[in-house]
Novice: 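Attaching a single structure in structure tokens format; questions to follow.
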Amino acid sequence: MRERAATDDFYRDSLGFLAQAFPAVGGAVRLPDHQVLLAEPAAARAVLANAEGLYEDHSDFFHTRRGVFGPRALQEEIGRASRTLLRDHLHARARELPESVRRALVPSSEWPDAGNWLIYRHFADALVGPESPARLRRTVDAIVARAVLAGARERFSRLRRAVFRFRVLRELAREIDGRRARGTAHPPADVLDILAGAAGPEVPRRELAEVFLSFLFAVAGSVGFVLGWSLYLLGTHPGTDTEPAWVVREALRLWPVAWLLGRRPARPHEMAGAAVTPQDEVVVCPWAVHRDPHHWDDPESFRPERWAAAPDHQAFIPFGWGPHRCVAAALSMQLVEDVLGILRDDYRMTFTPRSTQPWIGPALAPPRFTLGLEPLRR
């Protein structure tokens with residue numbers, strides 16, 4: 001009964017449950033649905049790195065409904081090509097970023113949606129090139145509106161979501177087929193070119209379409225939410241005047257967008273004092289890892305200055321850890337830092353909270369707020 005009550009408490013108020021459970025029981029909490037929630041930093045790193053092969057091969061990014069997209073060599077090839085493409089895109093568009101910020105956010109904007117749209121539109125041509133069919137680009141816009149924005153999925157029934165997903169995957173698969181037939185650009189023009197060109201005909205086009213969705217969710221969703229959390233924390237801590245890089249890291253520490261990372265044991269063993277078997281799922285919780293009082297001073301407080309002396313930290317895993325770490329983590333952080341720098345240097349900001357409750361789902365998104373921007377006179 002205690003375990004069942006714990007599960008009910010977790011799904012009723014996940015963050016409240018975690019805040020109470022881990023200081024009381026230590027590094028692992030077992031739920032009755034064969035889940036073990038893990039918050040001890042060293043154990044969390046060990047699970048994610050999986051150096052001893054205790055867990056099934058898993059990638060949060062390259063995960064499809066058929067399992068893990070692979071082999072690993074193909075994941076690495078796609079990751080390298082994507083990092084290069086996105087890095088080159090950001091460098092080529094660097095001078096456009098201030099104007100993108102002005103168009104999207106001045107004089108006021110509603111968050112966190114505004115952050116998702118800003119980041120998505122800045123990356124859009126790298127995801128689906130401007131020469132792509134207009135119908136495809138409209139489809140990708142619709143995915144952001146209906147599946148990426150905070151709370152968007154709850155606005156549609158399960159049936160409507162399933163039908164929409166089917167249509168999206170069909171549209172993406174059709175485009176991948178077309179690119180395979182006519183050949184992809186060299187260098188690749190967008191992420192779809194990378195996916196269509198990297199995998200041979202034996203790789204189902206539907207799986208490639210699902211990997212593309214992972215790219216879209218990571219860029220428009222995760223990066224947009226990191227920007228939203230950074231601004232929310234600045235807005236709720238007026239007077240903070242510090243380096244954008246420190247703000248971004250502290251936002252990722254307090255509110256990691258990817259807050260639950262599940263892994264399936266390959267064989268029975270013990271982790272952080274909990275016995276686990278292949279029937280269990282070990283769920284690493286970066287939200288709890290980042291609040292471990294043994295590794296962080298005053299862990300509940302927003303203190304960006306802590307990053308002046310600790311750019312790397314063993315209890316900081318916002319993008320995972322080990323070989324399956326997010327393929328574009330550094331680029332994502334740099335873009336958010338650049339946007340914060342533009343806002344700090346060019347505008348006077350006003351912050352109006354609309355809620356204090358974060359959006360809790362597969363991603364952890366910030367509460368609603370309004371951001372007002374008034375250009376500074378030079």
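Please read these numbers as outputs of a predicted model, since none were measured by experiment.
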Novice: Heavy-atom distance under 4.5 Å between the side chains of L335 and L97, does that happen here?
Specialist: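 Touching, per the 4.5 Å side-chain cut-off.
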Novice: Considering only heavy atoms from C-beta outward, does the side chain of D190 approach that of S132 to under 4.5 Å?
Specialist: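 Answer yes - side chains close enough.
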Novice: Could you check whether any side-chain heavy atom of L340 comes within less than 4.5 Å of a side-chain heavy atom of L231, counting everything from C-beta outward?
Specialist: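 Sidechains of L231 and L340: in contact.
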Novice: Does R264 have more than 12 heavy atoms from other residues, nucleotides or ligands lying within 6.0 Å of its CZ?
Specialist: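 Enclosed: over 12 neighbouring heavy atoms sit under 6.0 Å from CZ of R264.
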Novice: So do V248 and V226 actually touch side chain to side chain, heavy atoms under 4.5 Å?
Specialist: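 When only atoms from C-beta onward are counted, V248 and V226 do touch, with a gap below 4.5 Å.
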Novice: Would you sort out whether Q279 and T277 count as a side chain to side chain donor-acceptor pair (under 3.5 Å), showing the intermediate values?
Specialist: CA-CA 5 Å; Q279 286 70 50; T277 73; 3.1 Å; yes
Novice: Dump the intermediate steps for side chain to side chain contact (heavy atoms under 4.5 Å, CB included) on Y55 and L48, then the final yes or no.
Specialist: CA-CA 9 Å; Y55 296 85; L48 296 176; over 6 Å; no
Novice: Would you sort out whether W246 and E305 count as a side chain to side chain donor-acceptor pair (under 3.5 Å), showing the intermediate values?
Specialist: CA-CA 7 Å; W246 301 353; E305 67 277 5; over 6 Å; no
Novice: Calculate, to the nearest 0.5 Å, the distance between atoms OG1 and CD1 belonging to T184 and I176 respectively.
Specialist: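 Interatomic distance, T184 OG1 to I176 CD1, rounded to 0.5 Å: 11.5 Å.
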Novice: What's the separation between atom CZ in F212 and atom CG in L195, rounded to the nearest 0.5 Å?
Specialist: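 If I round to the nearest 0.5 Å, the distance is 8.0 Å.
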Novice: Please work out whether the ring planes of W255 and W287 are parallel, tilted or perpendicular, with thresholds of 30° and 60°.
Specialist: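 Tilted, since the angle between the ring planes falls between 30° and 60°.
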Novice: With rounding to the nearest 0.5 angstrom, report the CG to CH2 distance, L149 to W117.
Specialist: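 Spacing of CG (L149) from CH2 (W117) equals 6.0 Å.
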Novice: Salt bridge or not for D280 and R30, using N-O below 4.0 Å?
Specialist: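 Yes, D280 and R30 are salt-bridged.
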Novice: If you look at every heavy atom in V289 and A39, which pair is closest and at what distance?
Specialist: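 In this case the closest contact between V289 and A39 is CG2-O, 3.4 Å.
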Novice: Between F351, F225, W111, which is the residue that forms a ring-ring contact (aromatic ring centres under 6.0 Å, His included) with Y232?
Specialist: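 Exactly one option meets the ring-ring contact (aromatic ring centres under 6.0 Å, His included) with Y232, and it is F351.
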Novice: Just wondering, do L373 and S108 contact through their side chains at under 4.5 Å, heavy atoms?
Specialist: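 Side-chain contact under 4.5 Å: no.
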Novice: For D298, I'd like to know if atom CG has over 12 heavy atoms of other residues, nucleotides or ligands within 6.0 Å.
Specialist: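 It does: D298 CG has more than 12 such atoms within range.
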Novice: Salt bridge check: are R291 and E300 linked by an N-O gap of less than 4.0 Å?
Specialist: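 Yes, this pair counts.
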Novice: Name the orientation class of the two ring planes belonging to F62 and F215 (parallel below 30°, tilted from 30 to 60°, perpendicular beyond 60°).
Specialist: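 Perpendicular.
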Novice: Return the OG to CG distance between S109 and L118, rounded to the nearest 0.5 Å.
Specialist: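 Output value for this atom pair is 9.0 Å.
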Novice: For F156 and R161, which heavy atoms make the closest approach, and how far apart are they?
Specialist: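 Scanning both residues completely, I find the closest heavy atoms to be O-NH1, 2.8 Å.
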Novice: With distance as the sole test, does H237 use its side chain to make a donor-acceptor pair with the main-chain N or O of G235 at under 3.5 Å?
Specialist: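 It does not hold such a pair.
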Novice: Can any side-chain N or O of Q314 pair as donor or acceptor with the backbone N or O of P41 at less than 3.5 Å?
Specialist: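 Not a single qualifying donor-acceptor pair exists.
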Novice: Is R179 paired with D193 through a side-chain N to carboxylate O contact shorter than 4.0 Å?
Specialist: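 The answer is yes: the pair qualifies as a salt bridge.
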Novice: Which heavy atom in P366 sits nearest to a heavy atom in G228, and how many Å separate them?
Specialist: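 Heavy-atom minimum between the residues: CG-C, 3.8 Å.
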Novice: The test is salt bridge (Lys or Arg N to Asp or Glu O under 4.0 Å); show your working for E210 and R205 and say whether it passes.
Specialist: CA-CA 9 Å; E210 290 193 63; R205 58 182 188 164; over 6 Å; no
Novice: Would you check, one step at a time, whether the test side chain to side chain contact (heavy atoms under 4.5 Å, CB included) holds for R253 with H313?
Specialist: CA-CA 10 Å; R253 185 188 70 82; H313 202 293; over 6 Å; no
Novice: With a 4.0 Å cut-off, would you call E171 and R135 a salt bridge?
Specialist: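 Here E171 pairs with R135 in a salt bridge, since their nearest N and O are under 4.0 Å apart.
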Novice: Tell me whether R12 forms a cation-pi arrangement with F17, defined as NZ or CZ under 6.0 Å from the six-membered ring centre and within 45 degrees of its axis.
Specialist: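 Not satisfied by the 6.0 Å and 45° rule.
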Novice: Tell me whether the count of non-hydrogen atoms from other residues, nucleotides or ligands lying under 6.0 Å of CD in E270 goes above 12.
Specialist: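 Enclosed.
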Novice: Hey, is the main chain of A42 close enough, under 3.5 Å, to the side chain of E40 for a donor-acceptor pair?
Specialist: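 Checking the backbone N and O of A42 against the side chain of E40, a donor-acceptor pair under 3.5 Å is found.
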Novice: When you check the gap from the basic side-chain N to the acidic O, do R249 and E337 get nearer than 4.0 Å?
Specialist: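 Judged by the 4.0 Å cut-off on N to carboxylate O distance, R249 and E337 do form a salt bridge.
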Novice: For the CZ atom on R182, are there more than 12 heavy atoms of other groups (residues, nucleotides or ligands in this structure) within a distance under 6.0 Å?
Specialist: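 Atom CZ in R182 is packed in, count exceeds 12.
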Novice: Charged N to carboxylate O under 4.0 angstrom, D346 versus R102?
Specialist: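 No, D346 and R102 are not salt-bridged.
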Novice: Is the closest side-chain heavy-atom distance between V247 and L234 below 4.5 Å?
Specialist: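 Yes. Closest side-chain heavy atoms under 4.5 Å.
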Novice: Tell me, do H290 and W259 make a side-chain contact under 4.5 Å, heavy atoms counted?
Specialist: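 Side-chain contact under 4.5 Å: no.
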Novice: For D292 versus H294, what's the shortest heavy-atom pair and its separation?
Specialist: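 That would be OD1-N, 2.8 Å.
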Novice: Starting at CZ of R303, measure out to CG of L233 and round the result to the nearest 0.5 Å.
Specialist: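 It is 14.5 Å, given to the nearest 0.5 Å.
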Novice: Looking only at atom types and distance, does a side-chain atom of R45 sit under 3.5 Å from a main-chain N or O of I317, one as donor and one as acceptor?
Specialist: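 Side chain of R45 to backbone of I317, a donor-acceptor pair under 3.5 Å: no, none is there.
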Novice: Do T370 and R354 pair up side chain to side chain, a donor and an acceptor below 3.5 Å, judged on atom types alone?
Specialist: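 On atom types as modelled, these side chains qualify, holding a pair under 3.5 Å.
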Novice: Out of curiosity, F316 CZ to H295 NE2, how far, rounded to the nearest 0.5 Å?
Specialist: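 The CZ atom of F316 sits 14.5 Å away from the NE2 atom of H295.
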Novice: Please check this pair: side chain of R137 against backbone of G129, looking for a donor-acceptor N/O pair closer than 3.5 Å.
Specialist: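 Here the side-chain-to-backbone pair exists.
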Novice: Please answer: with hydrophobic residues joined when any side-chain heavy atoms are less than 4.5 Å apart, are W359 and V223 in the same cluster?
Specialist: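 In one cluster: no.
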Novice: Donor-acceptor check, side chain of N50 to backbone of L54, threshold 3.5 angstrom: yes or no?
Specialist: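 Yes.
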Novice: Is it true that V29 and I360 fall in one hydrophobic cluster, defined by side-chain heavy atoms closer than 4.5 Å?
Specialist: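 Yes, it is one cluster - the side chains of V29 and I360 are joined through contacts under 4.5 Å.
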Novice: If the threshold is 4.0 Å, N to carboxylate O, is there a salt bridge linking E281 and R263?
Specialist: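 So E281 does not pair with R263 through a salt bridge.
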Novice: Looking at every heavy atom in both P265 and V282, which two are closest together, and how far apart are they?
Specialist: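 Where P265 meets V282 most closely, the heavy atoms are CG-CG2, 4.0 Å.
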Novice: Given L252 and W229, is the side chain to side chain contact (heavy atoms under 4.5 Å, CB included) satisfied, shown in steps?
Specialist: CA-CA 8 Å; L252 282 165; W229 275 117; over 6 Å; no
Novice: Looking only at heavy atoms, what is the nearest atom pair of L38 and A272, with distance?
Specialist: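 Minimum heavy-atom contact is CD1-CB, 3.4 Å.
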Novice: Taking atom CZ of R167 as the centre, report whether more than 12 heavy atoms of other residues, nucleotides or ligands fall under 6.0 Å from it.
Specialist: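 No.
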Novice: For R95, I'd like to know if atom CZ has over 12 heavy atoms of other residues, nucleotides or ligands within 6.0 Å.
Specialist: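 Atom CZ in R95 is not packed in, count stays at 12 or less.
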Novice: Does E131, at its CD atom, have more than 12 non-hydrogen atoms belonging to other residues, nucleotides or ligands within less than 6.0 Å?
Specialist: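 Counting neighbours around CD of E131, 12 or fewer heavy atoms of other residues, nucleotides or ligands fall under 6.0 Å, so no.
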Novice: With a 4.5 Å heavy-atom cut-off, do H122 and R93 have their side chains touching?
Specialist: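 In contact.
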